[in-house]
Amino acid sequence: MTKPWNFETAGETVFGAGTLEQIGSLCKSHNWHRALVVSDSNLLALDMVDRVCENLQSECVDAFSFTETEAEPSVETAAAAVSVSESFGPDVVIGLGGGSNMDLAKVVATVLSCGGTASDYFGFDRVPHAILPLICVPTTAGTGSEVSHSAVLTDREAAMKESMQSRFLRPRIALIDPALALSCPRQVTAESGIDALVHAIEAYTAIDAAEMPDGNAYSGRTPITNALCEQAIALIGKYLVRAVEVADDLEAREGMASAALLAGMAFSNAGVAVVHALEYPLGGTLHCSHGGGNGMLLPYVMRFNLQVRKEAFARIAVLLGENVSGMDEGDAAERGIVAVENMRGRIGIPSSVRQLGGRKDQLRGFAEKAFAVKRLIHVNPRPVTLSDLQSILQSAF
Ligand SMILES: NC(=O)c1ccc[n+]([C@@H]2O[C@H](COP(=O)([O-])OP(=O)(O)OC[C@H]3O[C@@H](n4cnc5c(N)ncnc54)[C@H](O)[C@@H]3O)[C@@H](O)[C@H]2O)c1
Ligand SMILES: [Zn+2]
């Protein structure tokens, strides 16, 4: 008899080029009349914020926008967003942007609904009750925050990324219009895209649901998450390089938007592991992007996990389009890692801690902070010690 597991995602998913134009009617049909739009100055300059607000107003939904934020937003920015939007009294919160803005929208909805400050809710299952309904509209293809149960902020003081996970953070609606990512600069496409690959590979190689300790933020891999990951990895193999190299290729943007969505559904259930644990202190200290740090680390962590996940890595090779016929499982698995390294190189993601600006004397501190993020360490298929983390970072240096 298998151990029971469950699977959760966003309440409703709307997908397709042009679907942004449905945002007002969606709010109206749910009887939401006051929408807080959380976005940023780049998307304001690209007219996306006005498009959303005008569409809302055309359906008699009042709109108020907050755009004074930054990529990888801080705890302080979250506090500012709450204090500016509190008096508006929204009945729905819309996160328009990459993972940074969607996560900020989740945090603002949480604090407006439950009081206190963002840091009260860091960790798993700290949000006490349902929050304002969320609509997440991704403008990058990568994070999967549009369906996930987490939100990440930067704690500048601790030089660490901090996150909260709660079923109440799952958006009520994920509205995915792949055309919105056409304006992404090359580097944003590459960094967010490789983050989706990290999500899919870490979820695909996570420990099985039957082995997951009770009360963790994640359930371990299940038949549903495995199916989602396989499809996500195949789509990334087909479309990521194309989306980076040909900025106006809508088919590639659609493929990557699907991949990010599927990987988000998978990882927010199965879990992510050592790549993400190591990225938290790296990103918090070196201020690299989440995708840049994760993409750099991925092949090094795969090498560490190789001995316990040969079959999965061999399958990843095939999903990424490698010809492994005639190879034994070990060689095919190694080919899976090389395929990820090659993709990382082709889209211009750094391949070492040094390239991200890190110093050798920082590695031990990074390893210690990562080791403390037990909910991620527990998901890794091979048991990990502090000295393992140091060795991974040494090899990545
Ligand atoms: N909640 C989750 O489940 C989850 C998962 C993974 C990552 N994250 C978080 O998401 C953040 C990273 O998100 P991201 O990779 O989407 O990048 P991002 O949201 O940080 O955006 C990067 C930059 O791209 C710009 N941008 C976004 N869309 C654009 C567009 N269509 N055209 C032009 N410019 C655009 C933004 O203004 C920003 O300057 C990190 O903080 C990370 O920790 C959250
Ligand atoms: Zn990620």
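Defined by atom type and a distance below 3.5 Å, a donor-acceptor pair is present between the side-chain atoms of E191 and S289. Judged purely by distance below 3.5 Å, without hydrogens or angles, the side chains of E279 and H290 pair a donor atom with an acceptor atom. At a cut-off of 3.5 Å, with distance as the only test, no side-chain donor of S65 or T67 sits close to an acceptor on the other residue. Side chains of Q390 and Q394: no donor on one and acceptor on the other come within 3.5 Å. No side-chain donor from either of S192 and D195 sits under 3.5 Å from a side-chain acceptor of the other. Side-chain N/O atoms of D62 and H33 include no donor and acceptor closer than 3.5 Å. In summary, the side chains of D103 and S145 do present a donor paired with an acceptor at a separation below 3.5 Å, with no hydrogens or angles considered.
Annotation: ring-ring contact (aromatic ring centres under 6.0 Å, His included) contacts of F397 (sequence neighbours excluded): none. In this structure, K360 has no side chain to side chain donor-acceptor pair (under 3.5 Å) partners at least two apart in sequence or on a different chain. Applying the side-chain contact (heavy atoms from CB on, under 4.5 Å) criterion to T189, with sequence neighbours excluded, gives C184, A243, V244, R253. By the side-chain contact (heavy atoms from CB on, under 4.5 Å) test, S395 pairs with Y300, sequence neighbours left out. Taking R186 as the reference, nothing meets the side chain to side chain donor-acceptor pair (under 3.5 Å) condition, with sequence neighbours excluded. Partners of S391 under the side-chain contact (heavy atoms from CB on, under 4.5 Å) rule, at least two apart in sequence or in another chain, do not exist in this structure. Considering only residues two or more places apart in sequence or on other chains, E12 meets the side-chain contact (heavy atoms from CB on, under 4.5 Å) condition with V14, L26, H30, R172, I173.
Counting all heavy atoms, side chain and backbone alike, A130 lies closest to F168 at CA-CD2, 3.5 Å. In this structure, A370 and P281 approach most closely via the heavy-atom pair N-CG, 4.1 Å. Heavy-atom minimum distance, L306 versus A333: CD1-CB, 3.6 Å.
When atom types are taken as modelled, the side chain of D40 and the backbone of L43 share a donor-acceptor pair closer than 3.5 angstrom. When atom types are taken as modelled, the side chain of R382 and the backbone of Q307 share no donor-acceptor pair closer than 3.5 angstrom. A donor-acceptor contact shorter than 3.5 Å links the side chain of E202 to the backbone of V274.
Salt bridge status for E59 with K28: present, with a side-chain N to carboxylate O gap under 4.0 Å. A salt bridge does not link R375 with D125: every distance from a Lys NZ or Arg NE/NH1/NH2 to an Asp or Glu carboxylate oxygen is 4.0 Å or more. Of the charged side-chain nitrogens involved, at least one lies within less than 4.0 Å of a carboxylate oxygen, so that E368 and R364 count as a salt-bridged pair.
Rounded to the nearest 0.5 angstrom, E68 CD and F66 CZ are separated by 6.0 Å. Between the OG atom of S163 and the CG atom of D155 there is a distance of 12.0 Å, given to the nearest 0.5 Å. For the atom pair M296 CE and L282 CG, the distance stands at 5.0 Å (nearest 0.5 Å). To the nearest 0.5 Å, the span separating CD1 on I201 from CD1 on I337 amounts to 9.5 Å. Note that CG of L197 is 10.5 Å distant from CD1 of I349, once rounded to the nearest 0.5 Å. Between the CD1 atom in I94 and the CD1 atom in I135 there is a gap of 4.5 Å [rounded to 0.5 Å].
Grouping Ile, Leu, Val, Met, Phe, Trp and Tyr by side-chain contacts under 4.5 Å, direct or through others, puts L182 with L250.
Between Y218 and F267, the angle of the ring planes lies from 30° to 60°, which puts this pair in the tilted group.
Residues I316 and V338 fall into different hydrophobic clusters, defined by Ile, Leu, Val, Met, Phe, Trp and Tyr side chains chained together at heavy-atom separations under 4.5 Å.
Note on residues 41-54: pairs passing side-chain hydrogen bond (donor to acceptor under 3.5 Å, both in side chains), not counting sequence neighbours, are E21-R51. Residue pairs meeting the side-chain hydrogen bond (donor to acceptor under 3.5 Å, both in side chains) criterion with at least one member in residues 231-240, sequence neighbours excluded, are Y239-E251. For residues 79-93, there are no side-chain hydrogen bond (donor to acceptor under 3.5 Å, both in side chains) pairs, not counting sequence neighbours. For residues 282-306, the salt bridge (charged side-chain N to carboxylate O under 4.0 Å, His left out) pairs, not counting sequence neighbours, are R303-E334, R303-E341.
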Check against side chain to side chain contact (heavy atoms under 4.5 Å, CB included), N101 and L96: CA-CA 6 Å; N101 301 351; L96 170 70; 5.8 Å; no
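T77 has its side chain within reach of E70: a pair of non-hydrogen atoms, C-beta onward, lies under 4.5 Å apart.
Considering E8, R170, K106, Q165 in turn, K106 is the only one that fulfils the side-chain hydrogen bond (donor to acceptor under 3.5 Å, both in side chains) rule with S148.
Figure legend: R34 and F64 shown without cation-pi pairing, the cationic atom not lying both under 6.0 angstrom from the six-membered ring centre and within 45 degrees of its axis.
The ring of Y204 has its center no closer than 6.0 angstrom to the ring center of H199.
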